[in-house]
Amino acid sequence: QVQLVESGGGLVQTGGSLRLSCAASGRTFSDYAMAWFRQSPGKEREVVATISWSPGRTYYADSVKGRFTISRDIAKSTVYLQMNSLKPEDTAVYYCAADRFGIGTYSDAAYEYWGRGTQVTVSS
């Protein structure tokens, strides 16, 4: 079992920044591909960014490329999502997910463990 706890969400104005954190516990963090997904009301969950188990290759949704950065600190068993130049359409609940020995796919079906999510609201 892997437990994932997200933090760092909140209310921010358009153009602002937030950094989300996802702390993992329970298994060897370095064995897992990690991902951030988001879901807003009335919409399906969508991938935001992923980082593969090895060698830490990253993937970004087109909507966030150049604005968001995913990174991980293996020593702290934590994955981050730095979000800059935020837009109202980034408003959503953001979820952290883990996939053991994963390649960092954008499909949510591949991820075995999920956090409870953290709300991000971007005001216009």
Quick one: does Lys76's side chain get under 4.5 Å of Phe29's, heavy atoms only?
-> no

For Asp73 and Thr78, test the side chains for any donor-to-acceptor distance below 3.5 angstrom and give the result as yes or no.
-> no

With side chains defined as the heavy atoms from C-beta onward, is the minimum distance between Val120 and Leu20 less than 4.5 Å?
->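 The answer is yes; the side chains approach within 4.5 Å.
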
Sorted by chain and residue number, the side-chain contact (heavy atoms from CB on, under 4.5 Å) partners of Val47 (sequence neighbours excluded) come out as Phe37, Thr50, Tyr59, Tyr106

With distance as the sole test, does Ser85 use its side chain to make a donor-acceptor pair with the main-chain N or O of Arg67 at under 3.5 Å?
-> no

List the atom of Ala33, the atom of Gly104, and the distance in Å for their closest heavy-atom pair.
-> CB-N, 3.8 Å

Taking the side chain from Thr28 and the backbone from Ser30, do they hold a donor-acceptor pair closer than 3.5 Å?
->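 Between the backbone of Ser30 and the side chain of Thr28 there is no qualifying donor-acceptor contact (under 3.5 Å).
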
Could you walk me through whether Leu81 and Val48 pass the side chain to side chain contact (heavy atoms under 4.5 Å, CB included) test, one step at a time?
-> CA-CA 9 Å; Leu81 184 69; Val48 176; 4.1 Å; yes

Rounded distance [0.5 Å steps], NZ in Lys65 versus OH in Tyr60 | 10.5 Å

Can you list the steps and then say if Arg100 with Tyr113 is a side chain to side chain contact (heavy atoms under 4.5 Å, CB included)?
-> CA-CA 9 Å; Arg100 193 165 187 233; Tyr113 303 102; 5.8 Å; no

Can you check whether Pro88's main-chain N or O pairs, donor with acceptor, with Ser124's side chain at less than 3.5 Å?
-> no

Minimal heavy-atom distance between Ser52 and Ile103, with the atoms involved, is CB-O, 3.2 Å

Name all pairs fulfilling the salt bridge (charged side-chain N to carboxylate O under 4.0 Å, His left out) condition that reach into residues 105-124, sequence neighbours left out, sorted by first residue then second.
->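 Listed once each, the pairs are Arg45-Asp108.
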
Asp31 and Trp53, any side-chain heavy atoms less than 4.5 Å apart |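 A side-chain contact exists here, since the closest heavy-atom pair is under 4.5 Å.
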
Do Ile74 and Trp36 belong together in a cluster built from hydrophobic side chains that touch within less than 4.5 Å?
->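 Same cluster.
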
Mind checking the OG1-CG spacing from Thr91 to Leu86? Nearest 0.5 Å is all I need.
->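 Answer rounded to 0.5 Å: 8.5 Å.
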
With the threshold set at 4.0 Å, does a side-chain nitrogen-carboxylate oxygen contact exist between Lys87 and Asp90?
-> no

Is there a side chain to side chain contact (heavy atoms under 4.5 Å, CB included) between Leu11 and Ser123 once you walk through the steps?
-> CA-CA 7 Å; Leu11 173 65; Ser123 63; 4.3 Å; yes

Which residues pass the side-chain contact (heavy atoms from CB on, under 4.5 Å) test with Ala92, sequence neighbours left out?
-> Arg38, Ser40, Tyr94

Checking Glu6 side chain against Cys22 main chain: does a donor-acceptor pair fall under 3.5 Å?
-> no

Given the rule that I, L, V, M, F, W and Y join up when any side-chain heavy atoms are under 4.5 Å apart, are Tyr80 and Val93 in one cluster?
->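 Tyr80 and Val93: separate clusters.
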
Are Val79 and Trp114 grouped together when hydrophobic residues (ILVMFWY) are joined by side-chain heavy atoms under 4.5 angstrom apart?
->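 The answer is no; the residues belong to distinct hydrophobic clusters.
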
Can you hop from Ile51 to Tyr111 via hydrophobic side chains spaced under 4.5 Å?
-> no

Taking every non-hydrogen atom, the tightest pair across Cys96 and Leu4 | O-CD1, 3.7 Å

Can you tell me how far the CD atom of Gln82 sits from the CD1 atom of Ile70, to the nearest 0.5 Å?
->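 If I round to the nearest 0.5 Å, the distance is 12.5 Å.
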
Say whether Val2 and Tyr95 are linked into one hydrophobic cluster, either directly or through other cluster members, by side-chain heavy-atom distances under 4.5 angstrom.
-> no

